[in-house]
Amino acid sequence: MKVFVDDRAVEVPAGTSAMDALFEAGRDVPYFCSLPYLSPIGACRMCLVEAGSPRRGQDGQWILDDQGQPKIFWLPKPMASCTLAASEGMVIRTQTDAVRKAQAGMVEFTLLNHPLDCPTCDKGGACELQDRSYEYGYGASRFVFDRRHADKHYPLSDLVVLDQERCIHCKRCVRYFEEIPGQEMIDFIERGVHTFIDGYEGGLPSAFSGNIVDLCPVGALLDNVARFRGRNWEYDHTATICTGCSVGCSVTVDARNGRVERIVGRDHPAVNERWICDAGRFSHALEEEGRLTTPLLRRGGELVPASFDEVLAYLTSELVDVPPAQIGLYSSSDITLEEGIALEATAQVLGSGHVDHLPRFSQLPALPRPTLHQLAQASAVVIAGADLGAEAPVAELRIQEMLRGAAPPPQFRHGTAIADLKLTERMERHPERLAIFSSAPTSLDRSADLVVRGDPQAALSAIAAALEGNAQAASPYLSAAELLRRPGATLVVGSELQAAGGLRLAEKVARSSGAALLALPADSNALGLAYLRLVPGEGGAAYGEAILPVALVSRCRRLPAQWPRLLIVHDTTLSALAARADVVLPAVSGLEKQGTLVNLEGRLQALRPAASEVGEATDLIPALGLLLQALGLRSPVRGLISAQRALAQRFGARVQSLPPEGALLDLGEPFLAETHLQHQPEVGAWAAAHLAAARARAAANRALEVAK
Amino acid sequence: MRYFDDKPELVAAILAKYPPQGRRSSLMPLLREVQTALHYVPAEQIEEIAEIVGVTATEVRAVMSFYSTYSTVPQGKYHLQVCATLSCALAGSDELWDDLCETLGISPGEVTPDGLFSVQKVECLGSCGTAPLVQVGELGYHERLSRQDLHALLDALRRGEYPGPHSPLPVFVHSGQQEDAAGARHGAELKPLGENL
């Protein structure tokens with residue numbers, strides 16, 4: 001339908017809000033309460049416009065004015081454009097004096113009780129209220145009375161602090177918890193000017209609580225880990241990908257003076273929308289604990305700092321009699337494709353079959369993988385042997401979206417709809433569309449009608465039988481089979497099932513029901529690495545399965561069953577494994593690397609290094625180069641550029657020039673091998689460790705203060 | 001035992017008033033029941049109501065804190081609300097308030113030892129023509145209240161007698177003249193502009 005915004009005509013689909021119509025037309029209104037993916041409620045009254053529509057008379061024809069044009073019946077008062085539906089022929093004025101005055105008046109209202117904290121506020125410089133006040137306000141306040149005073153350091157949880165004075169009551173955070181993770185946590189308490197936000201459930205017991213910090217338009221909700229660590233203009237922002245799990249959420253990593261201080265979610269409409277989990281947001285501080293910045297060499301039984309030259313000299317002398325084909329190379333599955341192809345090339349140069357990456361699964365599904373977008377639009381989802389909260393938390397949010405029937409959000413030229421009128425508060429959820437089969441409780445249990453505790457493989461067998469018509473009447477397996485038969489259904493399988501070798505069974509169920517199959521990879525790049533030859537070759541030993549003369553182990557925390565005689569560990573911290581190594585090489589973390597990752601959809605996404613000080617830490621490629629140099633060998637992949645060239649030859653795609661949204665590419669045939677080194681989902685278990693570390697740090701700081 | 005444990009019929013009757021998708025609406029009558037019976041809503045009953053309705057305790061608090069009808073601190077049997085907005089202030093509500101607090105020996109948030117009275121200053125009760133004004137719980141308005149009237153009211157309440165609301169007619173003004181209860185007019189008449197010159 002056609003809508004006229006000021007002097008511009010714009011075509012928008014029916015159901016569009018006036019706000020999205022005017023943004024589509026290239027106009028602008030200020031807003032605080034609307035937000036893409038959240039329901040529009042018209043709370044802040046900032047997006048006021050003048051609007052009117054033509055009407056049809058009783059004859060069904062437009063009522064005409066004196067000039068023979070459809071007569072515009074103006075709404076008597078300025079309207080909040082976020083909750084106003086655009087209609088055929090609607091005329092919207094955004095630039096009149098009345099609109100400017102109304103918006104400026106609302107700015108003044110909003111600022112009545114807002115403290116002048118900007119010089120000490122963490123949001124300063126990136127504050128929607130600051131920006132909108134500057135753009136739309138009068139520039140002065142006529143309010144001469146005392147401002148409202150309230151608690152400025154009110155901890156909503158260990159991770160999120162509320163400054164009650166700064167809150168402008170936009171209700172984004174309240175709506176977020178109810179609408180996105182579906183966990184009601186906080187609400188408005190009291191009313192009018194006394195309104196504040198609080199919850200009585202004991203902290204914010206959600207795995208997605210940090211998102212309210214990103215969406216707060218003012219500095220009321222603050223990341224307690226990054227609080228007072230830097231001003232927004234001091235941060236070096238790096239748009240990259242979270243390497244915590246296989247979802248591959250888009251994040252912005254903010255570093256100051258060479259230190260990662262903060263991670264915020266970044267909008268990727270196809271992957272994480274704009275949400276990230278608390279593990280991805282807050283665990284960077286934990287990653288920083290005890291980082292290695294120089295190589296360590298064992299001398300006299302002790303690991304002591306050494307230079308790379310000393311390490312090279314040591315390795316050269318130690319490796320003299322070692323046959324290269326007996327050297328083991330093992331890496332964790334969160335390395336980039338570039339590091340992976342360097343590892344593959346190194347193994348080939350060595351002629352060693354002792355190469356593996358872990359955790360991984362023995363099999364990959366042969367069916368096409370559904371995207372997260374398809375998951376969010378599935379008609380039904382059956383989860384077997386997966387705890388999404390621990391394995392791929394943000395995928396859980398996409399399933400919540402599926403339960404609300406909210407996907408896909410409309411897209412416009414300005415991005416995702418800012419005020420999608422299809423979304424409302426407390427939308428009806430459809431728990432009957434979700435079934436979960438797992439042996440342990442999972443975080444999604446509360447949202448599903450059908451939850452069966454028990455062996456997921458046995459459950460899938462029963463579902464397979466039900467699909468073949470061999471089920472007893474009215475069993476949960478029959479219900480699950482019926483869910484899977486719905487057109488557009490998806491079967492999600494995770495580590496519990498895949499570790500037990502149940503993937504072929506899942507494939508059979510998916511094939512016979514017609515459902516899509518989403519098998520969660522074991523780690524953030526386990527799917528991508530499966531397409532490189534990184535599994536034990538002929539006669540090769542898996543990690544810790546044979547006593548090798550030498551092994552280089554990168555970032556595996558698991559202790560091997562059999563220790564090599566000379567252990568080289570490449571890791572970010574002095575882990576239990578590194579503490580027993582002969583040589584420790586410092587590694588960069590996932591936030592500090594450049595490269596390419598493949599997420600659970602098969603989407604290649606670029607990883608960019610945050611501006612953090614890493615000392616002499618490197619990614620895996622130089623560590624492999626050092627080993628080869630000590631042996632007097634040379635690999636064709638010696639750096640990022642040659643790795644990218646090798647990847648281009650292998651996959652026929654230039655990974656260095658991926659589009660911002662990543663690319664879903666066909667990577668060919670995977671290399672598979674049996675493994676017993678299964679995935680231990682731990683994304684969800686970070687919080688306790690993080691908090692213990694944070695408290696220890698706080699205690700250390702206090703001790704330092706006392707000492708001063 | 002919790003408040004609603006022995007009142008299944010009452011709970012069922014309240015819940016039956018609303019359709020299943022409107023179950024949350026039963027928050028209001030449930031809160032009211034507790035407020036009326038206990039003169040406040042203790043934290044334990046907030047949890048209990050949340051459980052009955054199937055919402056979070058946070059939401060129950062959000063709803064009840066919006067309405068001044070519900071209190072989270074104990075109130076007396078008679079909650080005396082003194083209007084302190086402009087018309088009443090001009091008509092002496094401050095003095096009335098001080099007298100009330102002194103007589104009862106309590107401040108807002110406290111209850112007299114006999115459990116009968118609590119006091120609260122409130123904003124406009126909408127009866128400016130008959131200021132000053134005190135509202136006794138939900139029983140009624142006592143308007144154009146003098147100190148003697150107030151003491152008589154307190155005495156009656158202490159005896160367990162509620163004399164009923166007292167709402168005298170407001171003073172009507174016609175052409176600048178005040179009309180008394182008998183309809184007679186007093187004072188100078190306001191003439192159309194210019195005639196007084």
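In what follows, every heavy atom counts, from backbone to side chain, and hydrogens, waters and symmetry copies are set aside. Order of the sequence lines sets the chain letters (A, B, ...), proteins ahead of strands, with each chain counted from 1. Only a predicted model underlies this, so the values are computations on that prediction, with no experimental measurement involved.
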| query | Counting a contact as any heavy-atom pair under 4.5 Å apart, which residues of residues 117-137 of chain B contact chain A? | reply | none
| Is the number of heavy atoms from other residues, nucleotides or ligands under 6.0 Å of A/K422 NZ greater than 12? | yes
| query | Angle class for the A/H169/A/F188 ring planes (parallel below 30°, perpendicular above 60°, tilted otherwise)? | reply | perpendicular
| query | Do A/H149 and A/E165 have side-chain N/O donor and acceptor atoms under 3.5 Å apart? | reply | yes
| query | In terms of heavy-atom contacts, does CD of B/E138 have more than 12 from other residues, nucleotides or ligands at under 6.0 Å? | reply | no
| B/H151 and B/D99: side-chain donor and acceptor closer than 3.5 Å? | yes
| remark: Minimal heavy-atom distance between A/Y37 and A/I180, with the atoms involved, is O-CD1, 3.6 Å
| request: Just give me the residue among A/E201, A/H194, A/E428, A/M185 that pairs up with chain B most often, heavy atom to heavy atom, under 4.5 Å. | output: A/E201
| said: Heavy atom to heavy atom, less than 4.5 Å: which residues from residues 49-65 of chain B reach chain A? | reply: B/T56, B/A57, B/T58, B/E59, B/R61, B/A62, B/S65
| Is it true that atom CZ of B/R32 has more than 12 heavy atoms of other residues, nucleotides or ligands lying nearer than 6.0 Å? | no
| task | Pull out the residues in residues 208-217 of chain A that come under 4.5 Å of chain B, heavy atom to heavy atom, sorted by number. | result | none
| query | Has B/Q178 got more than 12 heavy atoms of other residues, nucleotides or ligands less than 6.0 Å from its CD? | reply | no
| Should the pair B/R23 and B/Y18 be classed as cation-pi, given the thresholds of under 6.0 Å to the six-membered ring centre and 45° from the axis? | no
| message | Between A/R148 and A/V193 (side chain of the first, backbone of the second, donor and acceptor by atom type, cut-off under 3.5 Å), is there such a pair? | response | yes
| task | For B/D114, enumerate each residue passing the side-chain contact (heavy atoms from CB on, under 4.5 Å) test, keeping only those at least two apart in sequence or located in another chain. | result | B/T112, B/L116
| Cationic tip of B/K7 within the cone over B/Y3's six-membered ring, i.e. under 6.0 Å and within 45° of the normal? | yes
| said: Centroid separation under 6.0 Å, is that true for the rings of B/H142 and B/Y162? | reply: yes
